[in-house]
Number of protein chains: 2
Amino acid sequence: MTEPALVHAPTTRVLVADDHQLLRQALRRALEDNGLTVVGEAADGEEAVRLAESLRPDIVVMDVTMPVMGGIEATAIVHEHLPNIRIVVLTMHDEHSLVVQAVDAGASAFLNKDCSLQQVVETVIQVADGEVLLSPEIAANMLGAMTPANGSPLTKREDEILQAIADGSSTTEVARDLFISAKTVKNHLASIYEKLDARDRTQAVLSGVRIGIVQIR
Amino acid sequence: MTEPALVHAPTTRVLVADDHQLLRQALRRALEDNGLTVVGEAADGEEAVRLAESLRPDIVVMDVTMPVMGGIEATAIVHEHLPNIRIVVLTMHDEHSLVVQAVDAGASAFLNKDCSLQQVVETVIQVADGEVLLSPEIAANMLGAMTPANGSPLTKREDEILQAIADGSSTTEVARDLFISAKTVKNHLASIYEKLDARDRTQAVLSGVRIGIVQIR
DNA sequence: CCGCAAATGGGCCGGTCGTCCTATGTTCAC
DNA sequence: GTGAACATAGGACGACCGGCCCATTTGCGG
């Protein structure tokens with residue numbers, strides 16, 4: 001993964017993936033005003049993967065919350081198939097656990113939407129330019145004084161199960177979808193109730209929404 | 001659509017209220033590039049109310065989902081105290097009940113974030129310029145084919161019960177709190193499920209949150 | 001190496017929930 | 001004034017949920 005020469009690269013090609021046209025336009029303008037080329041825009045994760053494949057951008061600016069396929073998942077897929085493409089992940093929610101997930105998925109940088117357009121542009125340039133992979137610490141720092149060091153109080157599996165419940169699945173359906181027994185789901189739910197101080201799935205889901213670990217879809 | 005006189009107005013003063021700096025900047029740039037003056041930015045509803053009071057803008061571009069105080073509430077307060085200020089409401093979610101709530105609160109226009117920056121600018125100019133108050137129909141049209149014009153699809157009692165469930169009460173507790181029998185609560189819940197196309201209280205509450213008839217507390 | 005947390009799973013039981021009937025009184029619009 | 005919608009309420013039943021035991025495996029940190 002070394003590309004020493006070819007510094008002559010005329011422009012950095014950027015793909016913008018965000019489900020909000022407003023944001024896409026804003027990002028496009030900001031990037032283009034700073035000498036970068038926006039080669040495409042995607043409105044969901046799947047489109048982002050497709051366009052990354054066909055357009056071969058240098059950088060993808062990827063929103064986390066998108067329909068059809070989330071940004072994290074799209075990041076993982078793009079990163080696996082096209083490891084040369086660097087991905088800058090954008091998020092609405094100050095969720096520290098997302099940083100970890102994003103970095104795991106192969107993101108090179110992580111920004112939340114409370115940062116400035118300029119910061120986004122700078123980050124993209126830095127990431128395109130050099131090896132400036134943002135460490136989780138830097139990312140966490142950028143997110144400002146966030147909650148000390150939690151993210152989700154739940155484990156990955158618990159997050160997954162709670163989200164599935166929020167998405168409308170019953171205990172049995174979650175079990176089927178995750179290829180585990182219903183009993184295991186109930187066990188996880190019990191842990192979730194304890195950790196979120198909820199007494200049933202309804203309150204647990206609402207707690208999850210409140211603290212930003214559950215997406216309303 | 002005629003705007004003959006008062007063309008002398010030097011600039012239209014706009015206040016941008018959105019919790020995402022990215023969006024605020026994007027809107028500021030788009031507005032300023034089109035000859036409008038952005039006199040301030042607010043990151044939450046309370047700040048929006050405060051700044052509207054002190055800066056006296058002509059227009060407030062107000063996001064719905066903001067911390068501390070929501071955009072709808074802020075719209076209502078600003079509209080009551082300063083009826084001359086016209087408010088353009090922006091939202092992420094295509095929820096038609098929000099249109100009604102926004103219009104009730106005194107909004108002059110309603111846009112979702114999937115519209116273009118240009119559309120936002122045009123709307124602001126139109127609203128500032130003339131009497132171009134967007135009717136619910138126009139707003140509805142913008143949001144796509146939506147249901148006629150209601151607020152909540154539920155009755156008052158049903159709203160009340162769903163909110164109580166969201167607040168953490170069980171069927172029996174709701175019954176006790178409302179001085180009715182548990183059976184009646186179950187009956188209302190059954191109606192709620194049918195109307196919201198939910199199969200249990202969890203989904204019903206989430207639907208309620210989605211369409212803005214349930215407050216997360 | 002040992003412990004601990006996470007993920008998996010089983011059984012049991014009481015209580016709640018969701019659904020199916022039916023029924024009565026009130027209110028409001030047509 | 002007659003029906004439609006709303007709010008009230010009961011019974012019965014099966015399914016699901018939440019709490020309480022418990023066990024095994026895996027992986028990570030001290």
Side-chain angles (χ1 to χ4, degrees), chain A residues 95-98 100-101 103-104 136 148-209 211 213-214, chain B residues 97 147-209 213-214:
Chain A
E95 273 313 323
H96 166 263
S97 74
L98 284 179
V100 181
Q101 284 181 51
V103 171
D104 275 0
N150 48 9
S152 169
L154 307 182
T155 68
K156 264 194 307 183
R157 202 54 159 172
E158 287 161 357
D159 278 329
E160 199 173 356
I161 285 172
L162 189 57
Q163 182 65 56
I165 296 288
D167 290 341
S169 299
S170 68
T171 302
T172 354
E173 286 163 354
V174 174
R176 181 167 38 68
D177 294 349
L178 299 185
F179 307 106
I180 56 180
S181 91
K183 192 58 201 23
T184 303
V185 176
K186 290 173 80 172
N187 287 337
H188 284 305
L189 279 172
S191 311
I192 293 171
Y193 298 155
E194 199 184 354
K195 290 182 185 173
L196 297 186
D197 195 28
R199 60 173 172 178
D200 54 44
R201 53 192 64 216
T202 304
Q203 290 309 304
V205 167
L206 280 186
S207 288
V209 171
I211 66 178
I213 61 172
V214 164
Chain B
S97 76
T147 37
N150 48 12
S152 167
L154 306 183
T155 68
K156 266 195 304 183
R157 201 53 157 173
E158 287 162 357
D159 278 330
E160 199 174 356
I161 285 172
L162 188 57
Q163 183 63 56
I165 295 288
D167 290 342
S169 299
S170 69
T171 302
T172 343
E173 287 162 353
V174 175
R176 180 168 38 69
D177 294 349
L178 299 184
F179 307 107
I180 56 181
S181 92
K183 191 60 202 24
T184 302
V185 175
K186 289 174 81 173
N187 287 336
H188 285 306
L189 279 173
S191 309
I192 293 171
Y193 298 156
E194 199 183 354
K195 290 181 184 173
L196 297 186
D197 195 29
R199 60 172 173 180
D200 54 43
R201 53 192 64 216
T202 304
Q203 290 308 303
V205 167
L206 280 186
S207 288
V209 171
I213 61 173
V214 163

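Protein chains get the first letters and strands the later ones, always in sequence-line order, with residue 1 at the start of each.
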| CD of B:Glu173 to CD1 of B:Ile165: how many Å apart, nearest 0.5 Å? | 9.0 Å

| query | Does the side chain of B:Arg201 come under 3.5 Å of the side chain of B:Thr171 through a donor N or O and an acceptor N or O? | reply | yes

| remark: Its 5'-most and 3'-most nucleotides having an atom under 4.0 Å from a non-hydrogen atom of chain B, DNA chain C is contacted over C:dC17 to C:dC20

| said: Strictly distance-based, threshold 3.5 Å: is any side-chain N or O of B:Gln163 a donor or acceptor partner for the main-chain N or O of B:Val205? | reply: no

| Any donor-acceptor pair under 3.5 Å linking the side chain of B:Arg199 with the backbone of A:Gly168? | yes

| said: Apply side-chain contact (heavy atoms from CB on, under 4.5 Å) to residues A:Ile211 and A:Leu196 and explain how you reach the verdict. | reply: CA-CA 10 Å; A:Ile211 66 178; A:Leu196 297 186; 4.1 Å; yes

| remark: Heavy-atom nearest pair, A:Ser181 first then A:Ala175, reads C-CB, 3.7 Å

| query | Is it true that a side-chain atom of A:Gln203 and a backbone atom of B:Ala166 form a donor plus acceptor pair closer than 3.5 Å? | reply | yes

| task | For A:Ile180 and A:Val185, work out which heavy atoms get closest and say how close. | result | CD1-CG2, 3.8 Å

| Given D:dC6, is OP1 or OP2 found less than 4.0 Å from the side-chain N or O atoms of B:Ser191? | no

| query | Which residue lies toward the 5' end of DNA chain C, A:Phe179 or A:Lys195, if each is placed at its nearest nucleotide? | reply | A:Lys195

| said: What does the B/S/- profile of nucleotides 10-18 of chain D look like, 5' to 3', with a 4.0 Å heavy-atom cutoff to protein? | reply: BB-----BB

| request: In whole angstrom, give the distance that lies between atom NE2 of B:His188 and atom C1' of D:dT8. | output: 7 Å

| query | Looking at residues 160-167 of chain B, who's got a heavy atom less than 4.0 Å off DNA chain C? | reply | none

| Heavy-atom check, side chain of A:Ile213 versus side chain of A:Glu158, under 4.5 Å | no

| note | Taken to the nearest whole Å, CD/B:Glu158 to C1'/D:dA5 is 10 Å

| task | Apply the side chain to side chain contact (heavy atoms under 4.5 Å, CB included) test between A:His188 and each candidate in A:Asp159, A:Ile161, A:Leu162; give the one that qualifies. | result | A:Ile161

